[in-house]
Enquirer: 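One structure, as structure tokens, below. Some questions next.
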Amino acid sequence: MQKKEKSFGIQMLSVQPDTKPKGCAGCNRKIKDRYLLKALDKYWHEDCLKCACCDCRLGEVGSTLYTKANLILCRRDYLRLFGVTGNCAACSKLIPAFEMVMRAKENVYHLDCFACQLCNQRFCVGDKFFLKNNMILCQTDYEEGLMKEGYAPQVR
């Protein structure tokens, strides 16, 4: 069973001039800036809500942060440290947990490896592909294979 990521939203809020300044969860000083961040039910200076690994400002890299082992992390570092890696079904090389992938049923592929395994035609978004005997095939190669096997695809 795969564990779900512990992700939390980040809200950027405008500080209202008539409200009492809030304390920052990062540095414990009052937030007197024009904007503040709200995350993990706490308030933060924009500079104080940072990834524990790469020090990026989390309010700038997205609207989500991740926590584990008392660390506040950006998505990339969370996946790098705690994500599941796997092997590409085409080239068998390791796919890092933070890398974008293509999936076909239970097979996972590097983006560059997601191509017809007979003619090497790369697929674009919306292209039709076929998975036969755990091989990715373009429509032409799939239909030629069916013809060789004696199964002509039905044309409608």
Side-chain angles (χ1 to χ4, degrees), residues 1-14 24-26 34-156:
M1 189 159 71
Q2 201 173 349
K3 282 190 176 182
K4 285 256 186 206
E5 298 173 348
K6 284 286 196 176
S7 65
F8 299 91
I10 302 171
Q11 292 178 291
M12 179 174 277
L13 304 173
S14 179
C24 174
R34 185 172 175 189
Y35 296 100
L36 59 82
L37 298 175
K38 183 176 181 185
L40 304 170
D41 293 325
K42 298 175 184 172
Y43 297 97
W44 308 78
H45 289 105
E46 290 179 83
D47 286 337
C48 292
L49 187 59
K50 295 190 272 190
C51 174
C53 285
C54 71
D55 237 18
C56 71
R57 290 171 41 158
L58 294 170
E60 290 178 357
V61 296
S63 59
T64 307
L65 62 83
Y66 298 80
T67 63
K68 189 160 182 174
N70 271 348
L71 297 172
I72 296 175
L73 302 163
C74 66
R75 182 178 193 276
R76 183 178 174 91
D77 284 326
Y78 176 83
L79 291 174
R80 187 175 57 79
L81 293 170
F82 304 109
V84 178
T85 59
N87 289 13
C88 176
C91 72
S92 300
K93 292 182 183 168
L94 186 71
I95 302 175
F98 55 82
E99 191 171 304
M100 296 286 286
V101 296
M102 293 298 289
R103 294 180 185 276
K105 296 207 176 189
E106 56 277 338
N107 296 336
V108 183
Y109 302 87
H110 293 107
L111 292 181
D112 289 340
C113 294
F114 195 69
C116 177
Q117 291 177 296
L118 292 180
C119 71
N120 294 319
Q121 173 192 329
R122 297 273 312 271
F123 297 108
C124 297
V125 174
D127 284 352
K128 190 183 279 191
F129 69 91
F130 297 84
L131 189 62
K132 181 157 175 65
N133 299 329
N134 252 359
M135 281 180 58
I136 301 173
L137 302 171
C138 66
Q139 187 164 359
T140 303
D141 287 328
Y142 176 74
E143 289 175 357
E144 282 179 14
L146 289 180
M147 298 289 258
K148 287 177 187 170
E149 294 172 8
Y151 304 111
Q154 292 189 352
V155 180
R156 295 179 191 242

Enquirer: With sequence neighbours excluded, what pairs up with E60 under the salt bridge (charged side-chain N to carboxylate O under 4.0 Å, His left out) test?
Expert: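 Only R57 meet the salt bridge (charged side-chain N to carboxylate O under 4.0 Å, His left out) criterion with E60.
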Enquirer: Please list, chain by chain and in numerical order, all residues satisfying ring pair (Phe, Tyr, Trp, His ring centres under 6.0 Å) with Y35, sequence neighbours excluded.
Expert: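 For Y35, no residue satisfies ring pair (Phe, Tyr, Trp, His ring centres under 6.0 Å) once neighbours in sequence are set aside.
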Enquirer: To the nearest 0.5 Å, how far apart are CG in L81 and CG in L71?
Expert: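 Here the rounded value is 7.5 Å.
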Enquirer: Mind checking the CG-CD1 spacing from D141 to I136? Nearest 0.5 Å is all I need.
Expert: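 Atom-to-atom, D141:CG and I136:CD1 are 12.5 Å apart.
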Enquirer: Where is the tightest heavy-atom contact between K93 and H110, given as atom of each residue plus distance?
Expert: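 Nearest pair, atom of K93 first, then H110: O-CE1, 3.7 Å.
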Enquirer: Can you name the residues that form a side-chain contact (heavy atoms from CB on, under 4.5 Å) with T67, not counting sequence neighbours?
Expert: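 T67 satisfies side-chain contact (heavy atoms from CB on, under 4.5 Å) with K6, F8, L40, L65, I72 only.
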Enquirer: Report the distance from atom CG of L79 to atom SG of C74, rounding to the nearest 0.5 Å.
Expert: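 Going from the CG atom of L79 to the SG atom of C74 covers 9.0 Å.
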Enquirer: Looking at every non-hydrogen atom in both residues, tell me the closest pair between C116 and C138 and how far apart they are.
Expert: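 So the minimum-distance heavy-atom pair works out to SG-N, 3.4 Å.
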Enquirer: Going by side-chain hydrogen bond (donor to acceptor under 3.5 Å, both in side chains), name the residues that satisfy it together with R122, two or more places apart in sequence or in a different chain.
Expert: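 With sequence neighbours excluded, R122 shows a side-chain hydrogen bond (donor to acceptor under 3.5 Å, both in side chains) to no residue whatsoever.
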Enquirer: Would the distance check show the side chain of D127 and the main-chain N or O of C124 forming a donor-acceptor pair, the cut-off being under 3.5 Å?
Expert: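 Between the backbone of C124 and the side chain of D127 there is a qualifying donor-acceptor contact (under 3.5 Å).
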Enquirer: Applying ring pair (Phe, Tyr, Trp, His ring centres under 6.0 Å), run through Y66 and F82 and close with a yes or a no.
Expert: CA-CA 11 Å; Y66 298 80; F82 304 109; over 10 Å; no
Enquirer: In Å and rounded to the nearest 0.5 Å, what is the CG to NZ distance from L146 to K132?
Expert: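 Nearest 0.5 Å value for the CG-NZ distance: 6.0 Å.
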Enquirer: For residues 36-59, which residue pairs qualify under ring pair (Phe, Tyr, Trp, His ring centres under 6.0 Å), counting only residues two or more places apart or in two chains?
Expert: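 Non-adjacent pairs meeting ring pair (Phe, Tyr, Trp, His ring centres under 6.0 Å): zero.
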Enquirer: Who passes side-chain contact (heavy atoms from CB on, under 4.5 Å) against R103, sequence neighbours left out?
Expert: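 With neighbours one apart ignored, the set is V101, V108.
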Enquirer: From the options C53, C56, C54, select the one residue that forms a side-chain contact (heavy atoms from CB on, under 4.5 Å) with L73.
Expert: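 Checked C53, C56, C54 against L73; only one passes side-chain contact (heavy atoms from CB on, under 4.5 Å): C53.
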Enquirer: Just jot down the side-chain hydrogen bond (donor to acceptor under 3.5 Å, both in side chains) partners of N107, sequence neighbours excluded, or say none.
Expert: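 Per chain and number, N107 pairs via side-chain hydrogen bond (donor to acceptor under 3.5 Å, both in side chains) with Y109, N134.
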Enquirer: Sequence neighbours excluded, which residues qualify as side-chain hydrogen bond (donor to acceptor under 3.5 Å, both in side chains) partners of Y142?
Expert: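 Y142: no side-chain hydrogen bond (donor to acceptor under 3.5 Å, both in side chains) contacts found.
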Enquirer: Just jot down the side-chain contact (heavy atoms from CB on, under 4.5 Å) partners of K128, sequence neighbours excluded, or say none.
Expert: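 Applying side-chain contact (heavy atoms from CB on, under 4.5 Å) to K128 gives F130, Q139.
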Enquirer: Could I get the full list of side-chain hydrogen bond (donor to acceptor under 3.5 Å, both in side chains) partners for Q11, not counting sequence neighbours?
Expert: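 Counting only residues at least two positions away or on another chain, Q11 forms no side-chain hydrogen bond (donor to acceptor under 3.5 Å, both in side chains).
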Enquirer: Mind checking side-chain contact (heavy atoms from CB on, under 4.5 Å) for L94 and listing every partner two or more places apart, or none if nothing turns up?
Expert: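 For L94, the residues satisfying side-chain contact (heavy atoms from CB on, under 4.5 Å) (neighbours in sequence not counted) are T85, N87.
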Enquirer: Going from CZ on R75 to SG on C51, what distance comes out if it is rounded to the nearest 0.5 angstrom?
Expert: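 R75 atom CZ to C51 atom SG measures 13.0 Å (nearest 0.5 Å).
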Enquirer: Among residues at least two apart in sequence or on other chains, which ones pass salt bridge (charged side-chain N to carboxylate O under 4.0 Å, His left out) with D77?
Expert: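 Per chain and number, D77 pairs via salt bridge (charged side-chain N to carboxylate O under 4.0 Å, His left out) with R80.
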Enquirer: Where is the tightest heavy-atom contact between L49 and A39, given as atom of each residue plus distance?
Expert: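 In terms of heavy atoms, the two residues are closest at CD2-CB, 3.9 Å.
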Enquirer: If you look at every heavy atom in A104 and L131, which pair is closest and at what distance?
Expert: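 Result for this residue pair: O-CD2, 3.8 Å.
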Enquirer: Does the side chain of M135 reach to within under 4.5 Å of the side chain of L118, using non-hydrogen atoms?
Expert: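 Of all side-chain heavy-atom pairs linking L118 with M135, at least one is under 4.5 Å.
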Enquirer: Quick one: pull up CG in L36 and CD in E46 and give me the separation to the nearest 0.5 Å.
Expert: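 Reported to 0.5 Å precision, the distance equals 8.5 Å.
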